[in-house]
Amino acid sequence: MTDKTSATDYRATLNLPDTPFPMRGDLPKREPGWVKEWEQQGIYKRLREARHGKPKFILHDGPPYANGQLHMGHAVNKILKDMITKARQLKGFDALYVPGWDCHGLPIENQIEKTFGRGLPRDEVQAKSRAYATEQIAQQMVDFKRLGVLGDWEHPYRTMDFGNEAGEVRALKRVMERGFVYRGLKPVYWCFDCGSSLAEFEIEYADKKSQTVDVAFLAAEPQKLAAAFGLPSLQKDAFAVIWTTTAWTIPANQALNVGPAIDYALVDTGDRLLVLATALVDKCLERYGLTGQVIATAKGAALEGLNFRHPLAHVHAGYDRLSPVYAADYATDADGTGIVHSSPAYGVDDFNSCRAHGLAVDDILNPVQGNGVYEAALPLFGGQHIWKAAPLVADALRDAGRLLASSNLVHSYPHCWRHKTPVIYRAAAQWFVRMDEGEGVFTKDKAPKTLRQTALEAIDQTGFYPENGRARLRDMIANRPDWCISRQRSWGVPLPFFLHKDSGELHPNTMAFIDRAAALIEQGGIEAWSKLDPAEWLGVEAASYTKSADILDVWFDSGSTFFHVLRGSHEGGRHETGPEADLYLEGHDQHRGWFHSSLLIACALEGRAPYRGLLTHGFTVDSQGRKMSKSLKNGIEPQEVSSKLGAEIIRLWVAASDYSGDIAGDDKILARVVDAYRRIRNTLRFLLANTSDFDPKKDAVPLAEMLEIDRYALARAAAFQQEVLAHYEVYEFHPVVAKLQVYCSEDLGAFYLDVLKDRLYTTAPKSHARRSAQTALWHITHAMLRWMAPFLSFTAEEAWKVFAPGQSPSIFTEVYSDVSAWADEALVAKWNRIHEVRDLANKEIEAVRTEGKVGSSLQAVLDITAAAEDFALLASLGDDLKFVTITSVARLLEGAGLSIKVTPSTATKCERCWHYRDDVGHDPAHPTICGRCTSNLFGAGEPRKVA
């Protein structure tokens, strides 16, 4: 008998956890299979079916550009969108996500020129651009799916789809009807590399080295100048002096501007008289290496109307013209000379000042061509590129005796967003959307307020995440000029206009032609307009009209998508109130881009923003805060990370990052993310393994009958879910990830699950004590899978199939657990204090263990002395106190304060449960196990009341 029993394998009698859910995720190998499975099962369609008729949540996709391989910035953006949509889906919303692509525009056209050369016919450029964009979209779509992003990939929207191109034309017509569109000659940002005008939000600022020049303009009317300064006459030549960083604009000078309230001085420098702002005389003379004496002063207003000669007038007859003085508030005495030279073709303030003083549009000089080269007829500098001409202009001025000083200056200067090259203001006949009062062309249903007023009011009605985005967008709208919406390129949606060859006026039937153009484009794309012979529509009038070759600014493409994508090609993607999205989400640079253009178009069309909320995220940077770039080789590529660590790690990294600032990532940071993933996965595996033999229909214990610690665990889970959902409500993920790690390691791993192991493993498989624990774990697993599903989507789906096989096709067809019955603040408060006492006990046990007096905590005997409140609390646990402290004996005494004494047990260790007990061997048939184990194995089972 003894030989037989001593050989009993008591380990086999334990309820050890078991699950097919592997400890290692093996994500890089397994994720592609899951992506394929989602696609084959049509998961996105099944999610829509599961939420049919439920309230909609619409996150409208800001379309990425269909050019080039995805980088980590794309991954961050799409994963954020995916997490938000999934979180709303789990809340019970019909959370649609229709991915989109921005397809027209210069980068693609440039790519075609690089590949096939310049000078291709317009039709060929368009055909090749369309084919190229199609290839790029297919490549990017594969990468987006690989990241676990769920969406309507079978029906994305593309701005180059015929229906969307036609929708954009119809949006243009409506903006015209509302009175916002006009044509005018104005200085607009012009990029020589683009060969086209740019919008305000296509500009970024960077340092540029410029040659400054101080230039003297000879007084053409010395007697009038003397009178302005209160002098009877002038004894020497007098010169107004300007300072500029754009020497290349001097050949197009047409005026001088002074501040009307500024004091100006007439300075005698020996051989000549100089007109300078009084406040700047000393600085200027020092710069010129001159000494001088102020002989008279006058207000700028007294100088208005005086004429000076162009500084090269005596060098070439082509410059023999006058520069009148205009009063202008933008002239200040803060720097320079206090006098601003004006070339109205190359500056907005200059243009406005000259026009306000009567300069006709046709008289504005504009010698700089679209490629940055002066027209050949320009005297002295014709055929030169302006950036190379600046020193030549300075040399000519020096030779002419009109250059007083020259130096180099590094200053902040506008650059093309795409090419990173400096731009200029250049006057060109363009189409504009008006921000303020004024008449538009073909106005039929004039808006009651200006576009600026409407947009600013719409910003007040919009939610911002983070809030500081509101001030940024507001400032941009408050200060922006009219929007230039025309471009001189081929690959884009046309402005379908016919312009009279002599007057430049639109054809009287323009609005009807726009409708015909939209219908034509809907059938054959923008190519159909390009191929249209004007005679087909205009008949004999065609000889008098030119078909416009301009295209719409690409920001009009993406900015108008709410109008035709949410309303038209994706009818499901709209609220009953109209095409308004719950959220737009992009990088913070889009305050000047997509957010901006969408707001202006929506306000022009419908008097409101196209979004209820705006969320902005930062850029991806390395651990030193440097923006990820190929040149620095400091980037992490999503394709590489997915193949090495798994896309799930990218998702967890994005979720764990505070996206309101820049998002730092490198190999070390990702290694920490991998560790966090393993902790969460191991906790999940424990939950799955310990509920593998649990059938909730047969085995679940009602809440009221569960052990107290199990009810506490559910109450804590309910409180935790409340925190999680509050974060999800305002689109926050990094606090959820941080708290989930703490919840897994502290609430569960270091406390509840630690306490639970003895009951789960040693009590009878079907006992009330074990089933109570499993009921709690089953509920917690349900809740936890939903908490983590928005960001750990692959893992949640993998676990869902193990945990609830056949219950539903996806975790995302489920909703968050109803935890209302679990909530119990008093119980949570009680057990939080018990947890604190247990932590103190663990410290004392650890000290004794360090001395080598005990091995595990089960070898320890605890004597706890506690004051009345803690005593009552701990006493309520009864004999289960030892299970909570994971000791073999825990004795409780009432005293003045809390103190804990630890002594080694002198009892024998049970071979099965490892507790040290005096009743080990009480059953001769089982001499190596204790009474509680024999009861659990062969008797009525050990009674458990609390833990």
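Side chains are part of it too, since the values below use all heavy atoms of this structure and drop only hydrogens, waters and symmetry mates. Just so you know, these numbers come straight off a predicted model, no measurement behind them.
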| request: Check step by step if ring-ring contact (aromatic ring centres under 6.0 Å, His included) holds for Trp431 and Phe497. | output: CA-CA 11 Å; Trp431 292 95; Phe497 298 154; 4.7 Å; yes
| message | I'd like to know if Lys224 pairs up with Glu304 as an ion pair, taking the criterion as any Lys NZ or Arg NE/NH1/NH2 lying under 4.0 Å from an Asp or Glu carboxylate oxygen. | response | no
| query | Any salt bridge between Lys283 and Asp335, counting N to O under 4.0 Å? | reply | no
| Pairwise distance CG(Leu231) to CD1(Ile295) - rounded to 0.5 angstrom | 5.5 Å
| query | Got Ile485 and Leu172 here, is their nearest side-chain heavy-atom distance under 4.5 Å? | reply | yes
| message | Salt bridge check, Glu439 against Arg434: does any charged N sit closer than 4.0 Å to a carboxylate O? | response | no
| said: Does Arg178 form a side chain to side chain donor-acceptor pair (under 3.5 Å) with Thr443? I'd like the steps, not just the answer. | reply: CA-CA 6 Å; Arg178 300 278 282 162; Thr443 303; over 6 Å; no
| task | Answer whether the closest heavy-atom distance between the side chains of Ser210 and His411 falls below 4.5 Å. | result | yes
| task | Answer yes if the ring centres of Phe619 and His588 are under 6.0 angstrom apart, and no otherwise. | result | yes
| query | Should we say atom NZ of Lys627 is surrounded by more than 12 heavy atoms from elsewhere, each under 6.0 Å from it? | reply | no
| message | Can you confirm whether Glu286 is buried at CD, in the sense that more than 12 heavy atoms of other residues, nucleotides or ligands lie under 6.0 Å from that atom? | response | no
| Should Gln430 and Leu185 be marked as a side chain to side chain contact (heavy atoms under 4.5 Å, CB included) after you check the CA-CA gap, both sets of side-chain angles, and the distance that decides it? | CA-CA 6 Å; Gln430 302 286 353; Leu185 180 79; over 6 Å; no
| query | Under 30°, 30 to 60°, or over 60°: which ring-plane class applies to Tyr319 and His310, parallel, tilted or perpendicular? | reply | parallel
| query | Is Asp460 salt-bridged to Arg474, cutoff N-O under 4.0 Å? | reply | yes
| task | Please name the pair of heavy atoms, one in Arg309 and one in Ala220, separated by the smallest distance, quoted to 0.1 Å. | result | CG-CB, 3.9 Å
| Minimum heavy-atom distance between Trp594 and Gln590, given as atom pair plus value | N-OE1, 2.7 Å
| query | How many angstroms lie between OG in Ser486 and CZ in Arg183, if you round to the nearest 0.5 Å? | reply | 8.0 Å
| field | Within 6.0 angstrom of Lys501 NZ, more than 12 heavy atoms from elsewhere | value | yes
| query | If you look at every heavy atom in Leu599 and Ala609, which pair is closest and at what distance? | reply | CD1-CB, 3.7 Å
| task | Using only heavy-atom distances, determine whether the side chains of Asp263 and Thr297 contain a donor-acceptor pair under 3.5 Å. | result | no
| request: Decide whether Thr212 and Ser407 meet the rule of one side-chain donor and one side-chain acceptor closer than 3.5 Å. | output: yes
| query | For the rings on His385 and Phe192, is their centre-to-centre separation under 6.0 Å? | reply | yes
| query | So, Tyr205 versus Tyr413, ring centres under 6.0 angstrom or not? | reply | no
| task | Would you indicate whether the side-chain heavy atoms of Asp329 and Pro260 approach each other to under 4.5 Å? | result | yes
| Just checking, any donor-acceptor pair under 3.5 angstrom between side chains of Asp350 and Tyr330? | yes
| task | Give a yes or no on this: more than 12 heavy atoms of other residues, nucleotides or ligands lie within 6.0 Å of atom CD of Glu375. | result | yes
| query | Should the pair Arg272 and Phe239 be classed as cation-pi, given the thresholds of under 6.0 Å to the six-membered ring centre and 45° from the axis? | reply | yes
| field | Contact check, side chains of Val215 and Leu404, non-hydrogen atoms, under 4.5 Å | value | no
| request: Take Tyr288 and Leu274 through the side chain to side chain contact (heavy atoms under 4.5 Å, CB included) test and state the conclusion after the steps. | output: CA-CA 11 Å; Tyr288 308 153; Leu274 303 181; 4.3 Å; yes
| request: Decide yes or no on side chain to side chain contact (heavy atoms under 4.5 Å, CB included) for Thr278 and Val294, but give the supporting numbers first. | output: CA-CA 9 Å; Thr278 303; Val294 175; 5.9 Å; no
| field | Candidate list Thr337, Asp282, Asp214, test side-chain hydrogen bond (donor to acceptor under 3.5 Å, both in side chains), partner Arg287, passing option | value | Asp214
| field | Residue pair Val258 / Ala331: nearest heavy atoms and the distance that separates them | value | C-CB, 3.6 Å
| request: Apply the test side chain to side chain contact (heavy atoms under 4.5 Å, CB included) to residues Ile262 and Lys299: give CA-CA distance (whole Å), side-chain angles for both, the deciding distance (0.1 Å), then the verdict. | output: CA-CA 6 Å; Ile262 293 174; Lys299 292 290 185 185; over 6 Å; no
| said: Atom NZ of residue position Lys446 - does it have more than 12 heavy atoms of other residues, nucleotides or ligands inside 6.0 Å? | reply: yes
| field | Summary of ring pair (Phe, Tyr, Trp, His ring centres under 6.0 Å) pairs that have at least one residue in residues 335-368, sequence neighbours excluded | value | Trp248-Tyr346, Tyr326-His357
| field | Gln211 to Asn408 - nearest heavy-atom pair and separation | value | CA-OD1, 3.9 Å
| request: Find the distance between CZ (Phe595) and CZ (Arg472) and round it off to the nearest 0.5 Å. | output: 10.0 Å
| Worked verdict on Asp268 versus Lys236 for salt bridge (Lys or Arg N to Asp or Glu O under 4.0 Å) | CA-CA 9 Å; Asp268 187 345; Lys236 305 170 184 176; 2.7 Å; yes
| query | Is it the case that Lys186 places NZ or CZ above or below the six-membered ring of Phe432, under 6.0 angstrom from the centre and within 45 degrees of the axis? | reply | yes
| remark: Rounded to the nearest 0.5 Å, the OG atom of Ser558 sits from the CD1 atom of Ile601 at a distance of 7.5 Å
| query | For Arg480 and His596, what are the C-alpha separation, side-chain angles and deciding distance, and is it a side chain to side chain donor-acceptor pair (under 3.5 Å)? | reply | CA-CA 10 Å; Arg480 66 151 297 124; His596 195 122; 3.1 Å; yes
| message | Is it the case that over 12 heavy atoms from other parts of the model lie below 6.0 angstrom from the NZ atom of Lys114? | response | no
| request: Taking the side chain as every heavy atom from C-beta outward, state whether Ile424 and Tyr189 have any atom pair closer than 4.5 Å. | output: no
| said: Within the structure provided, determine whether Ile551 and Trp491 are in side-chain contact (heavy-atom separation under 4.5 Å). | reply: no
| remark: Tightest non-hydrogen contact, residues Gly338 and Leu280, listed as N-CD1, 3.6 Å
| query | Roughly how far, to the nearest 0.5 Å, is the CZ atom of Phe442 from the OG1 atom of Thr510? | reply | 4.0 Å
| task | For the residue pair Asn257 and Ser353, confirm or rule out a side-chain donor-acceptor distance under 3.5 Å. | result | yes
| task | Compute whether any side-chain donor of one residue and acceptor of the other, for Thr450 and Asp436, lie under 3.5 angstrom apart. | result | no
| query | Should the pair Lys547 and Phe498 be classed as cation-pi, given the thresholds of under 6.0 Å to the six-membered ring centre and 45° from the axis? | reply | no
| field | From CG (Leu312) to NE2 (His314), nearest 0.5 Å | value | 7.5 Å
| said: Evaluate Arg470 against Glu467 for salt bridge (Lys or Arg N to Asp or Glu O under 4.0 Å), listing each step before the verdict. | reply: CA-CA 6 Å; Arg470 185 187 308 277; Glu467 176 61 30; 2.6 Å; yes
| query | Any side-chain heavy-atom pair from Leu106 and Ser196 closer than 4.5 angstrom? | reply | no
| Do the side chains of Asn307 and Val325 get nearer than 4.5 Å, heavy atoms only? | no
